[in-house]
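Notes to accompany the following structure.
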Amino acid sequence: VGRQRRRALIWAAAAVVLAAVIATAAPARERPAQLGRMAAAGAARLAAAHTSVIHAEGLRPGQSVSGTVALANVGDTPGRLALLRTRLADVPGPFGGLLSNALVLRVEQLGGGEWTGPLAGPDALDLGVMEPGEGRTYRLTLTFPDTGQHGRDNAYQGSSVTIDWAWATEAIAPTPTATSTSTPTAAPPPPPAKPVTLGAPRLDLRIPHQRVLGARGITMFGTCDRACRITFRASIRRAPRAHAASKALMRRRIFRSNGTARRLPGGGERRIALKLTTRAVRTLKRELHVRARVVVVIKARVRGAGGARTVTRRIVLKRAARTHNVTGGGRSR
Amino acid sequence: VTRLLAALACLAAAVTLALPAVRSDARFNSRSSDRGTVTADNPVNYLRLYSQSTDPAGLTGYATKHFSNPLVPAATGADDTLAVALGGYKNDNGTTVDRVLTLQALSPLPAGASPLTVTATLAPDPVTGRQPLSQVTISDIGGANAGTSATLTAGAKKQVNVRVMTKFFPGNNVMHTPVVTLTVTLPGYSGAFLNYTVPVGVWDGNGAGP
């Protein structure tokens, strides 16, 4: 019995030793085969030095505030760098305006590319691949555009916004290198920061209250988050109440063909005035005379880097005592 | 059998422990956070508007609501919430209403902001399209040195006066609410962002109106 027990103990001890050897040796033996992936999976690390943080009080239209951030990939492998907006907290002023809707963000790599767009635009920017050991400096600038003297900025008086950003690297597989006997060469320059492309441009189309027939046209204000080209179409429809089906009165040639296509730069708001054709004016007048209400459905086709999309606005013209006013316009995306 | 089972158990445990090291392909993200805070400017950082009930110095003699009984001050509230109801002025050929409200520069003013220049302008009622105010002036307390603009150093106080004229206005018992805009400019900033818009109600009808 004693010999049997001793033999069992020896077997058990041998099994434990064997298992321990396997466990210890496994990573060491697997690492060469998985080296690229293993390294890519964990070695891209980001170091940041904040030379300044964006902070401004009492910003007025036309003014900007900026801060710079220095970043370095202190890991062993390349990493894809992204700027993520993790939080956007608005505190409206006494007139209810949200400052994030007014501010324009510029992300500029010093010595590299840049991106400009609305602060409330994309949540993430792809800033390209950072090689191991590479350092970059970015300048973030927030601008409060001056939109004129007519009190259009008043809604933003006293409003504030807090933005949290995260600079994130995601490890990627390293670029395949030449054979170990080749002469080392200087690494190619890092690609410049690329603007993010999240589909078609976003158009913010605002149609204020106005007199349409007096001006024989419709004025609106458009903002594209990046440079875009817009073409407008419209139709005139009957405006029944209580969601009844509306009848199309005129489907094309609402606007004069000259000027229905516009190009907008990224960011700032632009005034767009579209003239009505004589026939459209006649149709609107007739319908207003008979029914006191008429609908104009405006379709803006937006094209730009990343694709195209259509933005539709429906405005209702009402007969006033002696004028015809637009109601039902508004800001939406 | 027992020995074999024990050995297999140990082997399984060892393999299980080693597995993550062999199979790991989890992606690793490195992050660094940053924060931005931006606050838009506000005219209240430079200039305060007062009615009689909110005047911190207890100044009296503010304009009253015409035909109100008992008489009540025409202006109520302060700063952004200040509003004026001048009362009834039916077919009026021109009446000056002094000290409708007062304005005072902050003391001390923010660095570089002294002196302030305050300019008063009028805009007609956006609904009726009528303008029952023919004039707005800013003057010293008491009425001297009246003009459409005034220069204020830290702590200086002025009063705003208007002239009402509703002669030949069509209709009866109509409330007109034109707007007095008080725009603040500073050394180095001449934009129109820093402004107060004060609604001024004028009742074109009988009695004091609403």
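Labels below follow one simple rule: chain letters A, B, ... track the order of the sequence lines, proteins then strands, and each chain is numbered from 1.
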Tell me yes or no: between the side chains of [X] and [Y], is some donor less than 3.5 Å from an acceptor?
X	Y	answer
Asp164(A)	Thr86(A)	no
Lys90(B)	Asn172(B)	yes
Ser100(A)	Asp90(A)	yes

Review point. Given side chains that start at C-beta, do those of Val202(B) and Asp125(B) come closer than 4.5 Å, heavy atoms only?
Key: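 The answer is no; the side chains never approach within 4.5 Å.
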Exercise for review: Test the Arg60(A)-Tyr189(B) pair against the cation-pi criterion, namely NZ or CZ under 6.0 angstrom from the six-membered ring centroid and within 45° of the ring axis.
Suggested key: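 Geometry flag: set, cation within 6.0 Å and 45°.
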Review point. Tell me, side chain or backbone of Pro94(A) under 4.5 Å from chain B's heavy atoms, or both, or neither?
Key: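 Contact with chain B involves the side chain of Pro94(A) alone.
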Practice item. Identify which part of Leu83(A) has an atom lying under 4.5 Å from any heavy atom of chain B, answering side chain, backbone, both or neither. Key: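 Neither; nothing under 4.5 Å.
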Check your understanding: Looking at Val161(A), Leu142(A), Val91(A), which has the largest count of heavy-atom pairs under 4.5 Å with chain B?
Key ->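 Of the candidates given, the most pairs with chain B belong to Val161(A).
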Review point. Is it the backbone or the side chain of Tyr46(B) that comes under 4.5 Å from a heavy atom of chain A, or both, or neither?
Key: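 Only the side chain of Tyr46(B) comes within 4.5 Å of chain A.
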Check your understanding: For Thr183(B), is it the side chain, the backbone, both, or neither that has a heavy atom closer than 4.5 Å to a heavy atom of chain A?
Key ->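 No part of Thr183(B) comes within 4.5 Å of chain A.
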